[in-house]
Number of protein chains: 2
Amino acid sequence: MDQLGAIAALGALAQETRLALFRLLVARGPEGLPAGMIADELEVAPSSLSFHLQQLVHAGLIAQRRLGRQLIYSAEYRTMSELLAYLTENCCGRGEVRVPFCDPAETLTEEEKNHGCC
Amino acid sequence: MDQLGAIAALGALAQETRLALFRLLVARGPEGLPAGMIADELEVAPSSLSFHLQQLVHAGLIAQRRLGRQLIYSAEYRTMSELLAYLTENCCGRGEVRVPFCDPAETLTEEEKNHGCC
DNA sequence: AGTTAATTTCGATATTCGTTGAAATGTCGA
DNA sequence: TCGACATTTCAACGAATATCGAAATTAACT
């Protein structure tokens, strides 16, 4: 991820509704949620939600797929990982940090598991 | 760090000049840089720089101290660590991630070392 | 005290952001 | 194909953001 991508992702997350929305999708997992359910959960007007969904899609933080007449949104864990990698590499001191991965499917290696970390 | 703090920090970093500014201070280390030098480096008008510095100070990402007639700004590594911790804990999949620390001076506590974390 | 240097604060302006309601799009089932 | 459902797009508006130049603050030097 380059600086422009990082700014886009940071800006997309720097808003109350969108951060809550992204957290909801992260918690939901790869299965995702249809827009209507998200609107109910977050108690935000459909057109307003649609606006925020576009922002997150544009930043690459969520993905959209159609299922019948509803649109399902799900977290793009990979992008979040890349954002964290960018921040740890560019905005942290002295490079003495580890880069976390976010994709639940992207399971830890055996070595990492044995490391017993966090 | 709570949700409000995270949004403030994310918003502060989600801007070209400010992200460059923060990266500059992170690279500079705890010593920091006076406003004038930052303005020269980033090629931004003094009054405009001052605006961005305030945003970062308000978000707790940088600190200000006076040295004679100049104001020195330096990165607050602790806040950045907390932001990364928030993102890994709340915006990553399944909680199977490790939290990095950012402060070059901030060595792990004995408890954390024994925990074998990061 | 008066002068200069470093920086911020203020006022004005153009741009972007977030919200809302109404209209449009796409999809399913009868 | 018609009607209902899920969602987006559009147009409009107020609020927040980013920028600049000019004036004000703070501190050092003489």
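Hydrogens, waters and symmetry mates are skipped; everything else that's a heavy atom, side chains included, is used. Residue numbers begin at 1 in each chain, while the letters A, B, ... track the order of the sequences.
At least one donor-acceptor pair closer than 3.5 Å links the side chain of B:Thr88 to the backbone N or O of B:Ala85. Between the B:Tyr77 side chain and the B:Val26 main chain, a donor and an acceptor come within less than 3.5 Å of each other.
The distance from atom CZ of A:Arg65 to atom P of C:dT27 is 16 Å, rounded to the nearest whole Å. Taking atom CD1 on A:Ile62 and atom C1' on D:dT8, their separation rounds to 14 Å, with Å as the unit. Rounded to an integer number of Å, the gap from NE2 of B:His58 to P of D:dT17 is 11 Å. Atoms CG (B:Leu21) and C1' (D:dA18) sit 14 Å apart, rounded to a whole Å. The distance from atom CD1 of B:Ile7 to atom P of C:dG18 is 11 Å, rounded to the nearest whole Å.
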TODO: Assign a letter to each nucleotide of nucleotides 3-17 of chain C from its 5' end: B, base within under 4.0 Å of a protein heavy atom; S, sugar-phosphate only; -, no contact.
DONE: -BBSSBB--------

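The shortest distance between side-chain heavy atoms of B:Arg18 and B:Leu13 does not fall below 4.5 Å. You'll find the side chain of A:Tyr73 stays beyond 4.5 Å of the side chain of A:Arg65, heavy atoms only. Side-chain contact check for B:Ile7 versus A:Gln15: every heavy-atom pair is 4.5 Å or farther apart.
One finds no side-chain N or O of B:His52 lying less than 4.0 angstrom from the OP1 or OP2 phosphate oxygen of D:dT17.
Summarising the local packing, CE of B:Met37 is surrounded by 12 or fewer heavy atoms from other residues, nucleotides or ligands at distances under 6.0 Å.
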